[in-house]
Amino acid sequence: MKFRFLKPLCFIVFLSLNTKLMSQQDHTEKIEALLKKMTLEEKVGQMNQYNGFYDVTGPAPKNGNAALKYEHLKKGWVGSMLNVRGVEEVQKLQQLVVEESRLGIPMIFGFDVIHGLKTQSPIPLAEAASWDMEAIEESAAVAANEASAVGLNWTFAPMVDISRDARWGRVMEGGGEDPFLGAKIGAARVRGFQGKDLSLNTTIAATAKHFAAYGFAEAGKEYNTVDIGTNTLYNIVFPPFKAAVEANVQSVMNGFNILNGVPVTADAVLQRDFLKGKWGFQGFVISDWSSIAEIAPHGFAKNLKHAGEIAAKAGSDMDMESKAYVTHLAASVREGKVEERLLDDAVRRILKVKFELGLFDDPYRYCNEKREKERLFHKDHMEAVLEMAKKSIVLLKNDSGLLPLKKDQKGILVIGDLADDKNSPLGSWRLASDTNSAVSVLEGMDSYTKDYSFVQGPKYFDDDASFLQHVKINTDDTSGMEEAVAAAKNASVVVLVAGEHGFMSGEARSRTNINLPGLQHQLIKAIHKVNKNIVLVLMNGRPLALPWEAENIPTILETWQLGSQSGNAIAQTLFGDNNPSGKLPMTFPRSVGQVPIYYNHYRTGRATREPNVFWSHYADEKNSPQFPFGHGLSYTQFKYSDLSISKTAQKEISVSVSVTNKGEMEGQEVVQLYLSDPVASIVRPVKELKAFKKIRLEAGASMTVRFLLTQKELGFYTTDYEWTVEPGTFEVMVGGSSAEGLSGSFELE
Ligand code: BGC
């Protein structure tokens with residue numbers, strides 16, 4: 001590898017290349033020295049991020065022709081690029097900036113490494129279902145290892161947006177509906193990406209996004225308005241962001257939404273008062289793709305220039321692809337509309353991250369062609385994502401014990417277009433991966449047993465679906481249906497694979513109908529008429545509403561989109577070499593009309609059933625969900641007993657419960673503790689997850705699981721953002737889901 005520092009003599013003069021010895025203080029001194037040398041345009045340049053020249057992850061770039069971008073790169077007017085990947089490409093652009101711009105400040109290269117680079121781990125919602133923080137951290141570390149090998153040093157992940165609306169396509173990208181679980185997952189992913197030493201060439205900077213409340217888009221419609229109160233903002237939306245900041249996340253991305261009348265990209269209260277103020281965030285804020293420009297169409301700025309001024313004042317440090325800063329911000333400062341000290345603050349933050357990544361030490365530290373060749377689709381990565389995939393599977397139903405299948409079982413029939421699909425299991429947001437690179441269900445089965453047959457049935461989706469286009473769904477071509485039904489008549493068990501295409505969830509993939517798309521429901525019903533022994537294997541990027549299937553199909557296995565090793569994980573689970581242990585991180589509704597539906601809803605004045613109609617309910621549907629948050633079965637059964645609650649000398653609450661594996665197989669259980677504060681100065685949710693432990697038990701074994709509830713678990717944020725713990729009675733429930741468990745109570749003085 002060539003380290004070419006020909007031109008920037010001045011760069012070398014005031015920046016020591018030996019930053020290994022540099023302390024935090026040294027960074028500060030270097031940054032201040034550098035800042036003094038920078039012109040206004042160069043400062044603005046650090047705050048400018050351009051999209052690369054091939055992947056597009058937002059509206060088509062406007063007036064950003066390549067020639068102009070190259071011109072700006074050479075001038076040092078670009079602090080970062082996104083969607084550039086591959087050692088050759090990254091090195092070429094980095095070299096241009098380092099060698100040709102006046103100060104040679106290296107760029108930082110960002111990319112949406114959402115669930116892997118080439119090797120794909122399960123989609124984040126699936127990983128969340130594992131409730132296994134070590135595994136999630138490891139999965140992010142694997143993604144960082146691979147991403148850093150192609151020259152990248154910054155990911156736009158984790159998405160820590162809480163969402164309760166399965167219509168919203170981006171639920172696939174997050175940790176589900178619960179702030180406590182979401183905070184743990186967010187922090188684990190930050191630790192995984194960033195590792196213990198950010199300057200290693202195997203770790204990358206993480207981004208907590210989208211600050212804030214993007215997951216509450218009205219009606220689940222992408223890019224829609226958000227209008228929520230402070231109770232929900234402070235207690236539901238904020239916790240995962242705060243946890244990411246505490247885990248030392250290097251950047252935070254704002255969003256496209258407005259929040260109570262202000263575009264979040266323009267919101268100084270969010271970005272300056274909370275994030276950089278109260279929470280002491282030291283990294284920088286990156287805008288979302290053109291979210292600065294979009295302040296104008298929101299009706300909050302007159303034009304692009306005005307939008308840039310508002311965003312800069314509000315604390316949006318870097319402009320992703322809207323070109324507001326690079327085009328106008330220097331002029332706005334000269335005209336006295338934006339104070340230069342605000343730019344200095346933004347630039348300091350950006351430079352700090354670059355220093356911590358070691359880019360001043362060696363701007364090409366992530367550009368190693370040998371590593372690039374070695375790490376992509378590395379066998380260690382494949383093993384890691386297989387383990388993660390196995391942990392992410394949720395057994396929703398197993399009424400007649402059809403699963404696990406016996407290894408020598410005869411007459412297994414696999415049906416369904418998705419069974420043979422090598423693309424959909426990769427899920428959405430897998431930009432850099434290879435199309436059709438997942439192990440399909442059929443391939444997974446094949447490596448187990450050849451003793452099964454397969455009938456595709458009707459085609460579910462069109463084959464040309466892409467990241468940039470909507471998926472076409474087959475709603476009328478039933479060819480294949482008859483053959484599937486005929487084959488099912490003679491099968492001992494039918495493994496029916498159904499769900500969504502991998503590109504039906506993700507950004508800009510909101511749906512008004514969250515049933516099984518196309519002819520799948522029809523297919524399942526037709527098969528059920530001739531054979532009731534159906535194992536329904538679901539592949540989907542969001543909770544689905546499948547009331548008929550939930551009622552009539554005896555066994556349902558939720559496999560989400562499990563990534564590169566999907567088929568192997570599914571086959572191992574079907575045949576009992578993996579005992580499912582996942583739990584739902586998001587409620588499954590009975591129908592789309594119940595959405596948003598979530599377990600930790602607030603109390604209402606009319607929650608109890610009345611003899612007449614005047615209580616909170618639907619005329620045509622139950623209030624309860626199809627499958628509650630935290631639900632997930634195992635091939636074994638766990639029994640809870642001996643709940644005990646006591647106070648410690650420190651006035652903390654100690655809770656213990658005994659869990660016994662009553663079945664004949666070793667298994668894992670997520671023991672969940674929910675707390676309820678029935679009377680408080682602001683209305684509290686009916687229950688809230690406050691602790692959990694994932695345990696493993698041999699058949700017949702028991703274990704006492706202990707939890708400690710401290711001030712952190714017992715309180716909440718008031719509408720003035722004060723943390724308060726209020727005396728009174730608290731109710732505790734401990735069990736294997738949010739819907740049932742052992743209960744008790746305690747008094748807090
Ligand atoms: C998304 C971000 C993403 C960015 C860059 C936007 O459209 O909202 O989450 O990081 O594009 O690809």
Side-chain angles (χ1 to χ4, degrees), residues 48-62 64 79-85 108-117 123-125 140 143 147 152-163 168-175 186 189-190 193 204-217 220-224 226 240-241 244 249-259 263-265 283-295 297-298 316-323 427-433 467-468 503 505-510 541:
N48 178 39
Q49 184 188 57
Y50 277 149
N51 186 54
F53 306 102
Y54 42 106
D55 295 323
V56 171
T57 50
K62 296 185 186 78
S80 165
M81 294 203 73
L82 83 148
N83 291 338
V84 174
R85 59 188 154 91
I108 168 173
F109 289 86
F111 195 73
D112 292 282
V113 185
I114 305 299
H115 52 114
L117 197 271
I123 57 169
L125 186 66
L152 299 170
N153 38 42
W154 180 23
T155 175
F156 306 128
M159 186 187 98
V160 296
D161 296 308
I162 297 299
S163 177
W168 191 49
R170 293 195 86 165
V171 297
M172 58 76 54
E173 208 183 328
R189 300 194 74 211
V190 169
F193 288 127
I204 59 179
T207 307
K209 68 188 188 184
H210 305 82
F211 197 58
Y214 178 45
F216 280 73
K221 188 171 82 171
E222 186 66 295
Y223 314 133
N224 205 8
V226 176
F241 285 100
V249 72
Q250 296 293 304
S251 67
V252 168
M253 186 184 290
N254 53 35
F256 299 123
N257 56 295
I258 65 165
L259 176 60
V264 293
T265 303
F284 68 89
V285 175
I286 169 84
S287 82
D288 205 343
W289 179 292
S290 79
S291 69
I292 294 181
E294 289 168 27
I295 294 173
H298 271 304
S316 298
D317 300 315
M318 192 183 273
D319 173 0
M320 180 191 288
E321 192 53 41
S322 76
K323 305 174 190 80
S428 202
W429 279 123
R430 37 64 184 256
L431 286 175
S433 195
F467 180 69
L468 292 175
F503 289 133
S505 59
E507 184 172 351
R509 268 71 164 195
S510 295

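All ligand and atom numbering here is 1-based and tracks the order in the structure. Index from 1, following the sequence. These numbers come from a predicted model, not from an experiment.
With hydrogens and angles ignored, the 3.5 Å screen pairs a side-chain donor or acceptor of Glu222 with a backbone N or O of Ala508. Put simply, the side chain of Thr207 gets close to the backbone of Thr155: a donor and an acceptor are under 3.5 Å apart.
Separation of the Phe156 and Trp429 ring centroids does not fall under the 6.0 Å cut-off.
Looking at residues two or more places apart in sequence or on another chain, you find no side chain to side chain donor-acceptor pair (under 3.5 Å) involving Asn224.
Aromatic ring pairs are classed by plane angle as parallel below 30°, tilted from 30° to 60° and perpendicular above 60°; the pair Tyr223 and Phe256 is perpendicular.
Expressed to the nearest 0.5 Å, how far CZ of Arg509 lies from CE of Met172 amounts to 10.0 Å.
In this structure, ligand 1 sits under 4.0 Å from heavy atoms belonging to Thr57, Leu82, Asp112, Phe156, Arg170, Lys209, His210, Met253, Phe256, Asp288, Trp289, Met320, Glu507.
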